2 protein chains.
Amino acid sequence: MNEVLAGLVDVERTDGGVTLTRQLYDQLRATMLSGAWPPDHRLPSSRDLARQLGVSRNTVSGVIDQLAMEGYLDVAQGRRPTVAASAATKLVGGNAVARHARKPRYTSRWAERLRKADWPFQEGPARPLAPAHADARTFPHDVWARCLRRAARHAPRGAAALNRMSLRAALLRHLVEHRGVHAEARQIIILPSAQSAIELTARMLLNAGDIAWVESPGYGGARAAMEAAGAEVRGVPLDRNGLAWNGRRDRPRLIFVTPSHQHPTGRLMPINRRRELLRFADEAGATVIEDDYDSEIHYDGRPVAALQGLDATGRVFYVGTFSKSTFADIRCGYVIVPPDLAELFETAQRHSGQIMPAPVQDALAEFIDDGHFAAHIRKMTRIYRARRDRLVQALSAAAGAHLTLEPPAGGVQLLAHLDARLDDRTVAARLAAAGVTARPLSPHFTGAIGGQGLFLGFAAWNEPEIDAAAATIGRVLGDMSGPAGKRRRKA
Amino acid sequence: MNEVLAGLVDVERTDGGVTLTRQLYDQLRATMLSGAWPPDHRLPSSRDLARQLGVSRNTVSGVIDQLAMEGYLDVAQGRRPTVAASAATKLVGGNAVARHARKPRYTSRWAERLRKADWPFQEGPARPLAPAHADARTFPHDVWARCLRRAARHAPRGAAALNRMSLRAALLRHLVEHRGVHAEARQIIILPSAQSAIELTARMLLNAGDIAWVESPGYGGARAAMEAAGAEVRGVPLDRNGLAWNGRRDRPRLIFVTPSHQHPTGRLMPINRRRELLRFADEAGATVIEDDYDSEIHYDGRPVAALQGLDATGRVFYVGTFSKSTFADIRCGYVIVPPDLAELFETAQRHSGQIMPAPVQDALAEFIDDGHFAAHIRKMTRIYRARRDRLVQALSAAAGAHLTLEPPAGGVQLLAHLDARLDDRTVAARLAAAGVTARPLSPHFTGAIGGQGLFLGFAAWNEPEIDAAAATIGRVLGDMSGPAGKRRRKA
């Protein structure tokens, strides 16, 4: 081994199948990047290098040419390669994290708003009774996997549309029949989640400083999306019919509502309130986002038809998702936009990449068209209803003295109002320590906090899990409310 | 049939399997929405309705209760249901498009910028020689479909990570070996496309009014993303080593470069220019986006290692995509972000839904780990090299007098400089009419237009398609440059 190369470059014929060319290239490059050789340092000739390393001269020449092309070496006809001046400075190494940490990072106001947003709520692992989850364990993953395979095998060989007509048509049939939606297929924008749909819509419709109304309590993701868009977000309280804006003087650009199963209370906005809302929006020049996130799952009576179907003014953007009716990781939501904005929303999708892969869209279309979707909803509605009833029963028995339940007519979660003397964040923290996930109600308020409660999911958890969690809730609440609990809280 | 209901409500026992309940509900609701009944109009009792329609009283009562719950009907013990006042106004109908068109739609400045952006360039159908396409016809769709099926069957039953460790690890191994990238797996953010990665990064790093540099000519999608973020985008000219910013006084927040195969010229930025760029960025406090969109496909010499691997300051965001190395509709791109921003980028993904479905990520990981990806790249590199050579040969033969070719060392496309007397948009329009897609060079410039040319893809088209397209180009250019062509242009 030549002394210039000793300890720096060596090649090994049995080095895990890495070619000699690759080994030589990597080692020479690493040596130059390490700064071990001064500028204009002269390497052995390719003939000498080949002999010293026991490899063919072709191999060495190829590597030298490559390094010259990349600017690491200077080569000239008949001369030995020399280390290029610019390649002789140590650049790699050091601790990138440590080096960066010393300089403040410039980020956008949007990024700063995300940094400060409290959404997604931190609630630890998805344990009973985490809300917002459908039961992924009962989903027919095999059927779904077969649909995916078929779709991928028959994928278009040219460029696929962003929003596949297969899924738009299947979804529209479903929504017209089950949700009373009025739309053409081209108005349906397929996105990776309902949150994505809300974020994209907010970004398309809101400028910094615009007023946006959200339900209070309401869905944190909507508030966060509007705040990130720079809007001034105001919480509007609820009565038993949902959003109650009577007497307000401010006029919003955007109103976000969950009229069918209000999030988190589960309340239904009846037809007269819906019409008042549409009339108000029209007068105020406001746009409405209707988030219909889990209306397919309905137990008592039939699901209530969508606000969008009542709207003749193009003011309602209808948001939906498959994450509650199938499972969260299917990653498919959508927004139905007014006809005049369909093309612009597709441009926005193209820009931002808020796009679902074609095979996933086609597979979902087949899953719907072949009846698997409707069958799954029927099956899960039966199962979830039983779980809802079980949770209501178990909580009433174990913690009825401390909780007032608001059992919903549908959906995957339930709000339990807490005795006002208890702080719901403290309760949630105690429950987390005891192995139960319960989301506190208070972070759902925008503006004044109007109550304490626990937002609990029942759909993703089976009866024994529900019973155990309810018992834990009863124990923890009893402990916190009883003399021992009071002592502990004073301590 | 009772005269009140005649012509409005009827049920049919064999109506395509739609239940009687559903029929009755839909018809009553539609009748009320049509405004056919005045407020407080009294319906027959449920007993009478049941008898008139020949259905059970339970069916009728269920429907009445549902409509009452939704607010369409008022019901009271022992009285006939009446049409709620608010339900008696005609709301559905009219033409939403026409009605909307009369009112100006309020949209955000971001939406307005998208509306004005010229990207994506309009170039009609994906015919030969449309650039930017890999060949989806030669992709092993069956293998890919099997990977997808397996991944979906073994999908996690709990919540999946946004960025799957399976794909992060497989991708990192690939990038470290083939691209010289330095990173930890958690720095890799998996997104639906390179464009999505550029858009998200621009949105995280740019505020309105910030200066951003792009290559001129350069990739239109990057310019559009930065303009949409509100940045002041400035084109920086190229020399034969890529971005040439010497002598400029302005200082950018962000610099977008394609150093390995410059888009659209195919030029390589050598190591010394790379280092100068990193040094300049560090001094200027600028961030660099390195878009390494098609570097896996390399013909002459080895692919050049990434800029990101040379950077020790956390200034380089490395963007890549599978759309050139597999096919466009696989919908997978990524950005490697500095370690201190990894978590914030995941929050942004959660907000915007720029997320790839877990089975697609897992399938891609398997596709890489099992060697299918490397095998496909090897195969396509052989095929694409032959196509590049064929296009160079065919164009030289058919149109050598009018074109100066810049054959790239890799990638899927080639820039042909046009005789300056020819307008490239006019040429592209003529070619489109003759069945050939050629993207004009001039829209790739930001600021002054520095030349006319045709940006042509060779990867997605087989030899006969390439030959035919080259012959068409020769004919059209000959026609436009010859006496007949000149006459026609003057006319």
Side-chain angles (χ1 to χ4, degrees), chain A residues 66 69-72 86-87 91 94 96-97 100 107-111 114 120 126 136-137 141 144-145 148-149 152-153 157-160 191-193 195-196 199 203-204 206-207 270-272 275 301-302 304 310 312-314 329 331 338-340 347-348 350-355 357-358 360, chain B residues 66 69-72 86-87 91 94 96-97 99-100 107-111 114 120 126 136-137 141 144-145 148-149 152-153 157-160 191-193 195-196 199 203-204 206-207 270-272 275 301-302 304 310 312 314 329 331 338-340 347-348 350-355 357-358 360:
Chain A
Q66 174 72 22
M69 188 169 83
E70 293 185 26
Y72 290 95
S86 59
L91 255 181
V97 188
H100 157 259
T107 49
S108 67
R109 277 184 286 278
W110 183 71
L114 294 189
R137 295 176 293 189
H141 292 278
W144 173 237
L148 263 182
R149 180 182 180 180
R153 289 179 74 173
R157 298 305 192 250
L191 296 160
S193 60
Q195 177 63 27
S196 182
E199 195 272 343
R203 195 141 67 106
M204 294 293 274
L206 287 174
N207 283 309
I271 181 72
N272 52 345
R275 287 184 163 168
R302 287 153 37 96
V304 175
L310 298 174
T313 64
D329 288 318
R331 288 260 144 250
D340 59 303
T347 301
R350 183 79 72 185
H351 273 259
S352 62
Q354 285 158 298
I355 301 168
V360 181
Chain B
Q66 173 73 21
M69 188 168 84
E70 294 184 27
Y72 291 95
S86 58
L91 254 182
V97 188
R99 282 198 57 177
H100 156 258
T107 49
S108 67
R109 277 184 286 277
W110 183 71
L114 294 189
R137 294 176 294 190
H141 292 278
W144 173 238
L148 263 182
R149 180 183 179 179
R153 289 178 75 175
R157 299 304 192 249
L191 296 160
S193 61
Q195 176 63 26
S196 183
E199 196 272 342
R203 195 141 66 107
M204 293 293 275
L206 288 173
N207 282 309
I271 181 74
N272 51 348
R275 287 184 164 168
R302 285 155 37 99
V304 175
L310 298 174
D329 288 319
R331 289 258 145 252
D340 59 304
T347 301
R350 183 79 70 183
H351 273 260
S352 62
Q354 285 159 296
I355 301 168
V360 181

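Here the structure is a predicted model, which is why all the values come from computation and not from measurement. Quick note on labels: first sequence line is chain A, next is B, and so on, each numbered from 1.
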Worksheet, complete the sentence: Ranked by heavy-atom pairs below 4.5 Å to chain A, first place among B:Gly158, B:Ala160, B:Ser193 goes to B:Ala160
Worksheet item: Between CG of A:Asp340 and OG1 of B:Thr107, what distance do you get to the nearest 0.5 Å?
Response: 10.0 Å
When heavy-atom pairs shorter than 4.5 Å are enumerated against chain B, which of [options] gives the highest number?
| options | result |
| --- | --- |
| A:Ala145, A:Ala152, A:Pro192 | A:Ala145 |
| A:Arg153, A:Arg149, A:Arg331, A:Gln195 | A:Arg149 |
| A:Ala358, A:Gly353, A:Ser352, A:Pro357 | A:Ser352 |

Discussion item. Can you confirm whether A:Arg350 sits close enough to B:Glu199 that some side-chain heavy atom of one is under 4.5 Å from a side-chain heavy atom of the other?
Written reply: no
Minimum heavy-atom separation for [X] and [Y], please, with both atom names.
| X | Y | result |
| --- | --- | --- |
| A:Arg109 | B:Asn207 | N-OD1, 2.8 Å |
| B:Met204 | A:Leu114 | SD-CD1, 4.4 Å |
| A:Val360 | B:Val360 | CG2-CG2, 4.0 Å |

Item to complete: Can you tell which part of B:Leu206 gets under 4.5 Å to a heavy atom of chain A, answering side chain, backbone, both or neither?
Response: backbone
